[in-house]
2 protein chains.
Amino acid sequence: MNATAPKGRGRPKVRPQALAGQAPAAREKPADKEQRIYAAIVDRVMEQRLKPGTRLPEAALCELFGVGRTLVQKVLQRLAHDHIVELRPNRSAIVAMPSREDVGKLFEARRALEAAVLPLVAAHASRADYASLRRQLRKERDAMHRYAQTEWAGLASAFHLRLGELSRNPMLHRYLAEIISRCCLVVALFQPPGNATCEHDEHGRVVDCLEAGDVAGAQRENDRHLRDLEAHLQLVEEDTDLSLADMLGLSARS
Amino acid sequence: MNATAPKGRGRPKVRPQALAGQAPAAREKPADKEQRIYAAIVDRVMEQRLKPGTRLPEAALCELFGVGRTLVQKVLQRLAHDHIVELRPNRSAIVAMPSREDVGKLFEARRALEAAVLPLVAAHASRADYASLRRQLRKERDAMHRYAQTEWAGLASAFHLRLGELSRNPMLHRYLAEIISRCCLVVALFQPPGNATCEHDEHGRVVDCLEAGDVAGAQRENDRHLRDLEAHLQLVEEDTDLSLADMLGLSARS
DNA sequence: CGGGGATTTTTTGTCGACAATTAAAGGTTT
DNA sequence: AAACCTTTAATTGTCGACAAAAAATCCCCG
């Protein structure tokens with residue numbers, strides 16, 4: 001827990017280290033500030049630098065980002081709408097902690113959304129888009145070989161996010177982005193570091209099918225990939241009950 | 001425009017009449033207040049009592065609902081997040097005005113979501129659920145026969161919302177709810193009063209197929225229904241350009 | 001040693017105030 | 001009559017202050 005060192009009586013301050021080093025930009029529009037703060041938090045959640053249950057007090061965010069409480073509250077509400085963060089009355093915001101009941105529903109929704117997105121990708125993606133996707137896959141594979149867990153977790157998700165972008169449907173893109181963020185939280189919570197979440201070949205096979213115009217094939221590969229991912233979580237879940245308690249500390253959710 | 005009567009120099013207040021009569025409840029939890037205000041606004045948008053472009057000043061909402069600005073701002077942000085309302089820097093919130101580019105994307109997303117939801121409905125719905133759906137269809141038909149436009153607009157949407165509920169997937173349900181609200185705004189903006197938006201038979205046919213376990217049939221019927229609805233908007237669109245200017249007043253969007 | 005209570009501090013929710021921005025009305029000029 | 005300017009008032013964004021709730025620590029007692 002990133003609380004300050006105990007100094008005596010009273011409640012110690014909470015300052016999440018993962019967000020350190022956010023220099024405020026001079027003369028920035030409020031909307032840009034808001035977006036910068038939002039993105040900083042989302043990125044660290046996606047990269048698993050901010051773990052589920054981590055406290056995000058307003059005052060800490062104000063200091064770290066050099067902004068007032070009004071803006072911080074706005075960002076936190078926004079993050080809560082996207083289920084990245086949980087807000088609780090009279091208590092500090094925390095990085096969201098998906099429940100076990102959420103997991104199946106999230107994957108169900110994700111399969112539906114990705115199945116919906118793939119035909120649109122096939123309809124809209126250019127050769128340059130596919131080339132860019134393959135570059136992304138290479139970066140992903142490199143990160144996996146370097147065992148750079150946080151980088152790779154971000155990149156693995158980024159592939160799926162990119163599919164949402166390529167659908168050219170802003171609504172589906174946004175919903176998929178939300179679902180993927182939430183799946184990242186699930187992975188961060190229920191799977192120990194070091195385990196493969198998305199294997200390189202799976203993404204490559206989806207892209208192969210798309211590029212060949214085989215939408216049904218891409219949907220099948222992707223569906224299988226997502227089901228594998230979900231099943232992998234279920235398998236690991238039994239073994240990680242003890243490490244889960246470790247991960248959460250005594251009572252991140254008393 | 002629901003501005004107060006002109007009294008001389010100065011800017012008149014804006015007080016949307018559609019929201020009148022919101023008595024504040026005594027001793028209500030903040031979260032309940034928030035939800036009450038949110039629901040009141042959403043309902044009136046869905047029933048087309050609050051038209052796209054209608055201004056919703058914070059002070060007016062504070063008075064009408066008997067709450068402070070903090071809560072109002074929170075609700076407005078939430079409504080903006082759901083695309084019911086648009087927030088603009090230094091200007092009052094307005095009921096959202098979908099652009100023409102939005103329309104196609106909305107319907108595309110809606111078709112995808114409803115297609116995803118229908119198999120889940122078929123998997124989960126009980127006989128009681130179908131009976132309830134049919135009761136809803138009867139209410140819808142009654143409202144249509146009474147030419148109760150606002151009631152019927154609400155009920156027509158309610159059918160689709162109910163499908164989202166019956167999917168038992170909270171994420172898909174929420175996304176569909178948002179899309180349907182936004183489609184209501186599209187209808188309110190682009191289609192004159194009195195035109196049928198959802199015909200009774202179409203909903204009935206979807207329910208028939210579902211109850212018979214014919215998911216593909218339900219998807220086909222529903223897809224056709226949504227495509228008809230969209231096409232209907234496009235047809236009417238050419239004829240309503242003048243009434244659109246009427247509807248918006250001189251410059252609801254200067 | 002463990003539990004409970006008191007104390008201290010942190011943190012959130014809310015309000016009022018103020019300044020900046022915006023919108024509408026009235027008056028003036030072309 | 002239309003365009004422009006001035007005046008007036010509404011409205012939003014933000015901050016500081018305060019009270020309530022919550023969390024952590026310390027102390028005391030059994």
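Here is the naming used below: chain letters follow the sequence lines, and residue numbers restart at 1 for every chain.
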Next item on the list: Please figure out whether Ala60(A) or Gly10(A) has its closest DNA chain C nucleotide nearer the 5' end.
Entry: Gly10(A)
Check: For residues 162-182 of chain A, which residue pairs qualify under ring pair (Phe, Tyr, Trp, His ring centres under 6.0 Å), counting only residues two or more places apart or in two chains?
Finding: Tyr175(A)-Tyr175(B)
Note to self: Could you work out, with salt bridge (Lys or Arg N to Asp or Glu O under 4.0 Å) as the rule, every residue matching Lys105(B), not counting sequence neighbours?
What the structure shows: none
Note to self: Looking only at the side chain of Pro12(B) (C-beta and beyond, no hydrogens), which of the listed nucleotides dA24(C), dT8(D), dT11(C) gets closest?
What the structure shows: dA24(C)
Notebook entry, point to check: Just how far, in rounded Å, is P of dT25(D) from NZ of Lys13(A)?
Noted result: 15 Å
Check: Partners of Ala177(B) by side-chain contact (heavy atoms from CB on, under 4.5 Å), sequence neighbours excluded?
Finding: Leu161(B)
Item checked: Whole angstrom value for the distance that separates P of dT12(D) from CZ of Arg55(B) -> 10 Å
Checklist line | Nearest-angstrom distance from the residue atom CG of Leu61(B) to C1' of dT11(D) | finding: 12 Å
Notebook entry, point to check: Given atom CD of Gln77(A) and atom P of dG13(D), what is their separation to the nearest angstrom?
Noted result: 13 Å
Checklist line | For Glu108(B), all residues meeting side-chain hydrogen bond (donor to acceptor under 3.5 Å, both in side chains), sequence neighbours excluded | finding: Asn169(A)
Check: Hey, are Arg78(A) and Gln35(A) close enough side-chain-wise for a donor-acceptor pair under 3.5 Å?
Finding: yes
Next item on the list: Would you kindly give the CD1-to-C1' distance between Ile94(B) and dT22(C), to the nearest whole Å?
Entry: 14 Å
Checklist line | Inter- and intrachain pairs under ring pair (Phe, Tyr, Trp, His ring centres under 6.0 Å), touching residues 78-98 of chain B, at least two apart | finding: His81(A)-His81(B)
Note to self: Treating primed atoms plus P, OP1 and OP2 as sugar-phosphate and everything else as base, which nucleotides of nucleotides 12-20 of chain C get B, S or - for protein heavy atoms under 4.0 Å?
What the structure shows: BBBB-B---
Item checked: Spacing of Arg11(A) atom CZ relative to dA23(D) atom C1', expressed in whole Å -> 4 Å
